[in-house]
Amino acid sequence: MLDFVLTNKEGLVENVKLKGSLGCNDHEMVEFKILRAARRVHSKLTTLDFRRADFGLFRDLLGRVPWDKALEGRGAQDSCAGGLPAGRPPECVVGGAAFGTARRTLIRMSKNNNFDIQSPFCVLCGRTDDCPEKYGEKRTYVEYNLTVHYYCLLMSSGIWQRGEEDEGVDGFLIADIRKEVNRAAKLKCNICKKKGASIGCVDPKCKRSYHFPCGIQKECIFQFMEDFRSYCWEHKPVQKFPDKECRGTSQCTICLDLVEQLPMYTVLKSPCCKNAWFHRECLQYQALSAGIFFFRCTVCNNKDKFQKEMLRMGIHIPEKDASWELEENAYQDLLQCYQHCDIKRCLCKKGRDYNEPDSKWEIKRCQCCGSRGTHLACSSMKSWEQNWECVECRSIFAKSGNYSKQKKRSLATPEKTDGTTCLLEEPSPKCPRQSPGSQRNFLLQSPKMMCQNNLSPCSHLEHQLTPASNRVTMSLSPLMSNRNWSLRKKQLRKQQREVSNILNELKLQVNTKTTRLNINAENIWNSALKGFRQRKFSPTNTIEIKFTNCKNRSKTDTSAASKHHFFQLLMLHLQNSSLFEGSSAKNLSLDFQAVRENLYFEAGKMIAVSLVHGGPSPGFFSKTLFDCLVYGPENVKPALEDVADVDVAQTIKMIKYANSLSSLQSTIHDCYEFLAAAGCLRPITALCDKNMLVNDILTHHVIKRIISPLESFRQGLKTLGVLEKMQMHPDAFSSILCHKPERLSAETICDLFTIHSSSGVNKVEGADFWIGYLQDVESGESVVTLEDILLFVTGSFSIPPIGFDPEPTIKFLHIRYPVANRLLNCLELPITKTYEQFKNKMEFTIRNTLRVERE
């Protein structure tokens with residue numbers, strides 16, 4: 001090998017590779033990497049500064065040499081004659097004399113006017129680079145012997161567009177360009193120190209001048225608007241960030257790579273979205289592709305505010321249509337319809353792809369998916385039949401519990417259940433809602449009332465005495481004047497019992513293996529998210545909660561009470577989080593940060609785990625959200641009440657209540673950009689077209705806009721099989737997911753507790769006092785509430801959908817004060833001689849115990 005690299009130091013070059021011969025030369029080209037070009041030893045010898053070398057120009061010049069003609073008739077020695085210049089220091093010498101030949105050949109051809117090396121240079125910046133994204137389009141005008149970068153021309157300080165667009169170079173007259181070149185030839189660039197700096201900083205006190213490529217390299221700002229101002233690196237505009245704003249990394253929504261949230265030249269922040277950050281290079285490419293009509297924020301689709309800020313920060317937005325709109329037949333594939341018969345035995349002799357409209361060989365597509373088809377004759381269909389579903393879609397509907405049947409049931413006002421009429425969630429207009437916790441709803445019979453009515457409390461209790469279990473079960477009979485309310489309440493209780501049985505069935509998956517979650521009640525979401533994402537966490541393990549920021553809680557609360565308190569705080573946080581929107585009945589919102597962090601999945605998973613592990617239900621789902629989860633978003637029709645955005649709701653109302661075609665068209669014109677972004681633009685020829693337009697807007701804003709969060713949320717609800725049970729029993733789960741639990745009543749508390757008998761204790765007298773006390777609490781004649789009683793015994797304010805485990809019990813013992821065992825959900829009550837003593841001891845114990853816990 002004759003070619004080599006000579007260095008006077010070790011470690012100066014690496015990766016020496018042979019790249020083949022150069023033209024007719026028999027020597028090999030050598031490629032190598034210079035590890036460092038800066039010299040650390042001072043010397044008076046003149047050397048080449050490789051840092052300032054224009055290797056791009058060198059490659060361009062070499063590529064323009066006709067090597068076959070230049071080396072024609074020359075041997076190896078003649079081609080290498082001249083070699084290297086004498087006196088060149090050996091610090092980094094390339095052994096390949098063809099470079100000397102190339103240099104001489106270029107000079108000779110330039111002198112003979114066979115090759116004009118000046119033509120590719122921009123007359124303003126002197127660069128040969130052809131990079132439209134950075135310097136604009138490079139244009140060459142042979143008749144004027146002129147080459148110029150478009151951006152260099154736009155940003156030059158001493159030239160204006162004095163001609164029409166078809167004159168000169170986009171309105172810049174050739175004579176003016178010559179004058180600007182002469183003016184710039186007298187100015188030295190403050191960056192590269194070469195002549196020809198045609199751009200100056202607009203700051204009145206700044207005298208810096210530079211070339212456009214040098215300004216880009218030095219991170220200057222060029223504003224492609226108004227009078228095309230330029231700012232040097234010292235006076236350039238910067239984006240302002242709040243001091244309290246957190247610093248970190250986020251994802252550029254264009255290239256999806258990480259970007260640092262720092263005030264840097266290469267990083268830009270969206271002015272309309274809090275957590276939207278972009279690379280400057282990504283934004284410039286996006287602007288060049290989208291043009292002024294489609295360039296907008298990729299997160300919120302804001303156009304005006306976003307473009308104004310990007311122009312201020314030096315992003316060039318060309319006044320042209322989007323590149324995808326200019327491409328010929330770009331959407332041709334979308335106009336094709338599926339034309340194929342997928343029936344197992346196709347009867348058409350001309351093949352499965354044959355389609356003859358208005359005949360028995362016309363192909364009908366599946367009305368659900370559109371990706372399957374059949375000939376009318378192959379499926380025994382008539383020409384007037386429009387609805388056909390493929391086998392896959394029919395199987396999906398079958399597994400989901402026959403959606404059409406469920407939908408009809410949900411729209412009915414009354415429905416028959418076990419031969420009785422049961423009202424749905426909305427009461428009759430003639431029967432206004434009553435507070436379920438009001439004492440007027442139920443008249444509980446106290447021992448005094450029973451005696452006055454000649455009813456023996458002993459006989460009433462002994463009638464329900466069960467010798468086999470040796471216990472007494474108490475029940476209170478409600479006396480209601482409104483039969484409809486009674487039937488509705490009965491139906492709700494039936495649904496709650498059904499949900500409890502279903503959740504207890506799902507709870508069989510939970511094993512005895514324990515997973516402990518350390519929870520900070522003041523930061524419930526982050527600590528819960530950390531616990532649910534840890535490797536050892538499994539929904540089938542028994543969950544144990546330890547509050548790390550509450551020293552007293554571990555002394556008073558059992559594991560079950562702490563777990564219920566944790567799930568209660570978690571559901572409250574989810575209700576008020578950015579994942580949901582709305583007042584009381586909430587739908588999913590669109591949070592791109594939550595989508596990227598997969599928080600919708602985690603929220604669905606937490607709700608499913610809460611239901612199965614004995615926590616409370618959310619109770620804030622809207623009917624639309626619930627139907628999307630159960631029946632699928634394609635089968636749900638949203639209402640105006642589902643729109644949480646006030647501006648969007650106002651726009652829909654203006655369209656919906658337009659009373660003339662002209663007012664409707666005027667409204668559509670005013671909200672043109674909104675409708676275009678939503679994909680709801682349609683020709684309006686009659687006033688009745690507004691109904692279809694309103695439906696399209698509602699479907700887009702409430703459902704299609706959040707289709708990705710909805711699917712992620714559904715996947716989370718599949719944890720422990722909860723979503724599958726919701727789809728099988730929609731009415732039952734709707735009662736706990738779409739409605740808050742009713743306020744506790746004396747009857748509910750009495751039914752919840754089971755009184756166990758004990759030898760030597762008067763069960764009947766103790767039960768009488770217990771019932772009377774519940775009645776006084778419900779009627780407001782006590783300092784405690786029914787929720788306080790439940791919290792005192794179980795550690796929970798409400799009854800979870802799955803119920804308590806173990807079931808709450810009551811024991812009457814010869815003790816001084818009531819005792820609550822939260823581990824067993826057992827309430828031990830004292831035997832007293834009078835009702836007043838019983839009531840005083842209950843109130844004293846419950847009030848002081850809860851006060852100590854709160855403190």
Side-chain angles (χ1 to χ4, degrees), residues 133 151 155 202-203 215-216 219-320 322 578 581 589-597 644-648 650-651 670-678 701 705-706:
E133 293 80 13
Y151 292 174
M155 286 298 161
V202 297
D203 190 275
I216 293 293
E219 300 183 351
C220 299
I221 292 294
F222 303 93
Q223 294 181 348
F224 295 86
M225 61 178 182
E226 298 174 355
D227 51 353
F228 295 85
R229 298 185 176 186
S230 172
Y231 297 87
C232 68
W233 55 93
E234 185 175 332
H235 303 107
K236 64 183 179 182
V238 295
Q239 289 185 309
K240 296 181 180 180
F241 304 99
D243 296 334
K244 298 181 179 179
E245 187 170 339
C246 60
R247 296 289 187 264
T249 59
S250 61
Q251 200 174 36
C252 174
T253 57
I254 299 177
C255 68
L256 302 182
D257 286 338
L258 293 180
V259 56
E260 294 185 1
Q261 298 177 356
L262 295 174
M264 302 166 55
Y265 174 82
T266 57
V267 176
L268 292 175
K269 184 181 183 300
S270 173
C272 45
C273 295
K274 183 178 180 180
N275 295 320
W277 297 75
F278 309 89
H279 296 108
R280 174 182 286 271
E281 186 177 0
C282 296
L283 277 175
Q284 185 59 75
Y285 276 87
Q286 180 80 356
L288 294 175
S289 176
I292 195 170
F293 301 107
F294 291 92
F295 182 63
R296 59 192 68 199
C297 178
T298 57
V299 178
C300 68
N301 276 337
N302 182 282
K303 180 180 176 182
D304 297 333
K305 189 176 181 180
F306 185 78
Q307 285 192 7
K308 184 178 180 180
E309 175 66 8
M310 294 305 110
L311 287 171
R312 187 181 74 90
M313 295 307 298
I315 299 298
H316 179 223
I317 309 174
E319 294 184 3
K320 66 171 188 177
S578 61
E581 62 182 10
S589 64
L590 181 59
D591 189 333
F592 284 96
Q593 186 73 17
V595 172
R596 289 192 292 267
E597 296 179 5
D645 192 309
V646 179
D647 296 333
V648 176
Q650 184 64 26
T651 301
D670 294 339
C671 56
Y672 177 85
E673 291 188 0
F674 168 74
L675 296 178
H701 187 80
R705 187 175 60 97
I706 52 99

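Quick caveat: nothing in here was measured; it's all calculated off a predicted structure. By convention here, the first residue in the shown sequence is residue 1.
Residues Pro237 and Ile221 meet the side-chain proximity criterion, which asks for heavy atoms closer than 4.5 Å. Looking at heavy atoms from C-beta onward, Lys303 lies out of side-chain contact with Phe294 at the 4.5 angstrom threshold. Counting only heavy atoms from C-beta outward, the side chains of Ser250 and Val259 approach each other to under 4.5 Å. With a 4.5 Å cut-off on side-chain heavy atoms, Lys269 and Pro263 do not count as touching.
Heavy atoms from other residues, nucleotides or ligands lying under 6.0 Å from CD of Glu133 number more than 12. More than 12 heavy atoms of other shown residues, nucleotides or ligands fall within 6.0 angstrom of atom NZ in Lys320. More than 12 heavy atoms of other residues, nucleotides or ligands sit less than 6.0 Å from atom CZ of Arg705.
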Test side chain to side chain contact (heavy atoms under 4.5 Å, CB included) on Glu219 and Met264; report intermediate values, then the result.
CA-CA 10 Å; Glu219 300 183 351; Met264 302 166 55; over 6 Å; no
Derivation and outcome, side chain to side chain contact (heavy atoms under 4.5 Å, CB included), residues Leu268 and Gln284
CA-CA 11 Å; Leu268 292 175; Gln284 185 59 75; over 6 Å; no
Would you check, one step at a time, whether the test side chain to side chain contact (heavy atoms under 4.5 Å, CB included) holds for Phe295 with Leu283?
CA-CA 9 Å; Phe295 182 63; Leu283 277 175; 4.1 Å; yes
Side chain to side chain contact (heavy atoms under 4.5 Å, CB included) assessment of Thr298 paired with Phe278
CA-CA 10 Å; Thr298 57; Phe278 309 89; 3.3 Å; yes
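Between Cys273 and Cys297, the shortest heavy-atom distance links the atoms SG-SG, 3.7 Å. Nearest heavy-atom pair, Leu256 versus Gln251, reported as atom, atom and distance to 0.1 Å: O-NE2, 3.0 Å. Across Tyr231 and Cys220, no two heavy atoms sit closer than the pair O-CB, 3.2 Å. Among all heavy-atom pairs drawn from Phe222 and Ser230, the shortest one is CE2-OG, 3.3 Å. Closest non-hydrogen pair, Ile317 versus Ile292, comes out as CG2-CA, 3.6 Å. The two atoms that bring Trp277 and Glu260 nearest to each other are CE3-O, 4.2 Å, heavy atoms only.
To the nearest 0.5 angstrom, Gln223 atom CD is 8.0 Å from Arg312 atom CZ. Taken from CG in Leu311 to CD in Gln307, the straight-line distance is 6.5 Å, to the nearest 0.5 Å. To the nearest 0.5 Å, atom NE2 of residue His279 and atom OH of residue Tyr285 are 13.5 Å apart. Note that CD1 of Ile315 and CE of Met225 are 12.0 Å apart. Values are rounded to the nearest 0.5 Å. The structure places OG of Ser578 at 10.5 Å from CG of Leu590, a figure rounded to the nearest 0.5 Å. Between Thr651 atom OG1 and Asp645 atom CG the span is 8.5 Å, to the nearest 0.5 Å.
Below 30°, between 30° and 60°, or above 60°: for His316 and Tyr151 the angle between ring planes is above 60°, a perpendicular geometry.
The salt bridge (Lys or Arg N to Asp or Glu O under 4.0 Å) check on Asp304 picks up nothing, with sequence neighbours excluded.
Checked by atom type and distance alone, the side chain of Arg280 pairs as donor or acceptor with a backbone atom of Met313 at under 3.5 Å. Here the side chain of Gln593 pairs no donor or acceptor atom with the backbone of Asn275 at under 3.5 angstrom.
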